[in-house]
S.K.: 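Here it is: the structure, laid out below.
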Amino acid sequence: MNRGLAFTGNRKRQVLVVDDEQINREMLGYIIQQKYDVIYAENGEEALNVIRENKQKLSLVMLDLMMPVLDGFEVLKIMQEDSELKAIPVIVLTSEKEAEVDSLKQGAADFITKPYDMPEVILARVRRIIELSEDRLIIAATERDHLTGLYTKEFFYQYASQLERYYPDWDMDAVAIDVEHFHLFNELHGREFGDRVLKEMARTINHLISTEADGYACRYEADKFYVYCTHLHEEDYESMHAELIEALVKITKNNHIRVRFGVYPSVDRSIQIERRFDRAKQACDSIRNNYAVSISYYDTEAYEKNLFSERLIGDFEEAMEKGHLVVYYQPKYSIQGDEPKLTSAEALIRWIHPELGMISPGAFIPLFETNGLIQQLDLYVWKQAAAQIAAWKKEFGVTVPVSVNVSRMDMYDPNLQSNLLRILRENGLTPNEYLLEVTESAYAEDSRQLIDVVNNLRNKGFRVEMDDFGSGYSSLNMLTSLPFDVLKLDMVFVRNVHTDEKALKLVELIMEIARYLGVTVIAEGVEYVEQYDLLKKCGCDVIQGYYFSKPLPPEEFDGLLEK
């Protein structure tokens, strides 16, 4: 049921009465208060403060000229110089005839002469000025699209802004409507036929929003439409979509015509009207060429995730420059002697953002893997880890080898080996003090080039760990054909080793293969003593996990070395 979008609701327009004499303020207020929501100010300075606070709601200012602190002429001048305040109409209140012309020249819309002895005339002039102002704001843009008769995009946006001033509680949807491959109608049947289709489309949309909801529409591009309407349920949009398709099939005789709806439901009024329809259009565009879906709803959560991702990408360079990216170290312990012994550590990156706090690596590492920043991040970690090994070596007189991740993208970088050797040289380290982790998934590609890269690194003295073994779908046979020095069991094996007999048997099998191949086995993700005992019994060489320690910042890792 249409509630009337020409602002015929019951909400009163707000009027500000400015006069330094209380009796004049009260007299004007008494005359207009039945029709308008009246607020007051007693001088020009106070008036400007009130105007700025209420600029979104204020429909009219009734302004005395002769006042202390700041007179009416100064108020007019300041309002005319402000693009937002200039749009609010002003009726000047004066008893001096010569001031009327000057005030009109300075931007006043009308004047009322004191004393206020004709209430009906005052009310009529107030109503006329407010109506003229609202009409002027709307008609500032060309009102109608010449072909469809719908609003133009500029008028549409302006109308939405006016609508929300007077109906702030309405729950609104922004909708984008697009015909798939509409240009083919013009190419196959001529522009005249295409124009007929657009007119029918506009007529049907207008009919639907006038019968199904309170709303209005515009043609924002050649074959694309926007609708702003009171909130509808999904079944309502499905019904509207079906009716629109039916109308278009009748005129085109084409049963395969496809129309997409993009809906941004229950819009956030704190964002600009244009941005709301950007979201609706984004939803509409997301199903282009997807013939299984015709109506798409804007996903606020996905949008916020994208914003978050863009924020991380934008802040990445600064994070490296200012040390917000911090390398933590998780110790690895040899467990085959009488007592566990700290033998090495893994470098794990943490982002301590000055505004967002601690950001999980799971939030930024996959993102950087997809956009190519992972190589910059890896290089940063390599440098930090090498410098830390050198610092521990100098302070404690011992070498703690640190393993760093080498991503799949790094493996295809022709400068990989030279970069690693340069970093070691700059920090006075040798390759056997620096461990390289390559994920199982990278190995699983079984690329000849990748295998050659790994072999070249090993020939230079680097020890290479196959990381996350068991997390993918590789076969045990790959263990016999790929080059590596250390096998890291993924935590998926370790998690159930103390509760699942099959998991334990599989770990025992992998241990036997590793012994046959002469490679070291590291189990990661160890948390419980039962896991520790079973892994030691199976012949696991090294353990990494919360059983011994969580990942530590360098200053806390120092404590382990001091012991």
S.K.: With a 4.5 Å heavy-atom cut-off, do Lys281 and Tyr264 have their side chains touching?
M.R.: no
S.K.: Give me the one residue out of Leu85, Asp37, Leu16 that meets side chain to side chain contact (heavy atoms under 4.5 Å, CB included) with Leu58.
M.R.: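 Option passing the side chain to side chain contact (heavy atoms under 4.5 Å, CB included) with Leu58: Leu16.
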S.K.: Tell me whether the count of non-hydrogen atoms from other residues, nucleotides or ligands lying under 6.0 Å of CD in Gln272 goes above 12.
M.R.: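 No - once you tally the heavy atoms of other residues, nucleotides and ligands closer than 6.0 Å, there are 12 at most.
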S.K.: Considering only heavy atoms from C-beta outward, does the side chain of Glu131 approach that of Arg127 to under 4.5 Å?
M.R.: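 Glu131 vs Arg127: side chains touch.
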S.K.: Any side-chain donor paired with an acceptor under 3.5 Å for Asp410 and Ser407?
M.R.: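 Checked: Asp410/Ser407 side chains pair up, N/O donor to acceptor below 3.5 Å.
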S.K.: For Glu45, look at atom CD and say whether over 12 heavy atoms of other residues, nucleotides or ligands are found less than 6.0 Å away.
M.R.: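 Not more than 12 within 6.0 Å, no.
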S.K.: Would Phe277 and Tyr228 count as a close aromatic pair, with their ring centres under 6.0 Å?
M.R.: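 Judged by ring-centre distance (under 6.0 Å), Phe277 and Tyr228 do meet the cut-off.
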S.K.: Less than 4.5 Å apart, side chain to side chain, heavy atoms only: is that true for Ile122 and Leu28?
M.R.: yes
S.K.: What do you reckon, are the aromatic ring centroids of Tyr220 and Phe156 less than 6.0 Å apart?
M.R.: no
S.K.: Pairs in or reaching into residues 263-274: which pass salt bridge (Lys or Arg N to Asp or Glu O under 4.0 Å), with residues at least two apart or in two chains?
M.R.: Glu164-Arg269
S.K.: Flag yes if more than 12 heavy atoms outside Glu81 fall under 6.0 Å of its CD atom; otherwise flag no.
M.R.: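 Yes, because the 6.0 Å sphere around CD of Glu81 holds more than 12 heavy atoms from other groups.
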S.K.: If we ignore hydrogens and angles and just use 3.5 Å, is the side chain of Arg276 paired with the main-chain N or O of Ile271 as donor and acceptor?
M.R.: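 At least one qualifying donor-acceptor pair exists.
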S.K.: Do the non-hydrogen side-chain atoms of Ile39 and Val15 ever get within less than 4.5 Å of each other?
M.R.: no
S.K.: Can you confirm whether the side chains of Asp236 and Ser239 place a donor and an acceptor under 3.5 Å from each other?
M.R.: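 The answer is no; no qualifying pair exists.
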S.K.: Assess Arg125 against Phe111: is NZ or CZ under 6.0 Å from the centre of the six-membered ring, and within 45 degrees of the ring's axis?
M.R.: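 So Arg125 does make the cation-pi contact.
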S.K.: Between Glu74 and Lys77, is the closest basic N to carboxylate O distance under 4.0 Å?
M.R.: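 Result for this pair is no, no salt bridge flagged.
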S.K.: Cut-off 3.5 Å, side chains only: do Asp173 and Tyr237 have a donor facing an acceptor?
M.R.: yes
S.K.: Test your reading of the model: is there a side-chain donor-acceptor pair from Thr230 to the backbone of Asp214, 3.5 Å cut-off?
M.R.: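 Yes.
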S.K.: Going from CH2 on Trp170 to OG on Ser266, what distance comes out if it is rounded to the nearest 0.5 angstrom?
M.R.: 14.5 Å
S.K.: Using a 6.0 Å cut-off, check whether atom CD of Glu221 has over 12 heavy atoms from anything other than its own residue.
M.R.: yes
S.K.: So Phe368 and Trp351, would you call those rings parallel, tilted or perpendicular, with 30° and 60° as cut-offs?
M.R.: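 Tilted.
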S.K.: Would you check, one step at a time, whether the test salt bridge (charged side-chain N to carboxylate O under 4.0 Å, His left out) holds for Asp64 with Arg25?
M.R.: CA-CA 10 Å; Asp64 188 22; Arg25 291 198 304 273; over 6 Å; no
S.K.: Sequence neighbours left out, what passes side-chain hydrogen bond (donor to acceptor under 3.5 Å, both in side chains) with Glu180? Give chain and number order.
M.R.: Arg258, Arg260
S.K.: If a pair satisfies salt bridge (Lys or Arg N to Asp or Glu O under 4.0 Å) and one of its residues is in residues 365-380, list it, with sequence neighbours excluded.
M.R.: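 Sorted result for residues 365-380: empty, none.
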S.K.: Salt-bridge test for Lys550 and Glu527: reply yes if a basic N is under 4.0 Å from a carboxylate O, no otherwise.
M.R.: no
S.K.: Verify the neighbour count for atom OH of Tyr30: are there more than 12 heavy atoms of other residues, nucleotides or ligands below 6.0 Å?
M.R.: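 For Tyr30, atom OH is not crowded (no more than 12 foreign heavy atoms under 6.0 Å).
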S.K.: Judged by atom type as modelled, is there a donor-acceptor pair below 3.5 Å linking the side chain of His353 to the main-chain atoms of Glu355?
M.R.: yes
S.K.: Are Glu524 and Leu489 side-chain neighbours, meaning at least one heavy-atom pair lies under 4.5 Å?
M.R.: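 No. Closest side-chain heavy atoms not under 4.5 Å.
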S.K.: With rounding to the nearest 0.5 Å, note down the distance linking CD1 in Ile78 to CZ in Arg52.
M.R.: 6.5 Å
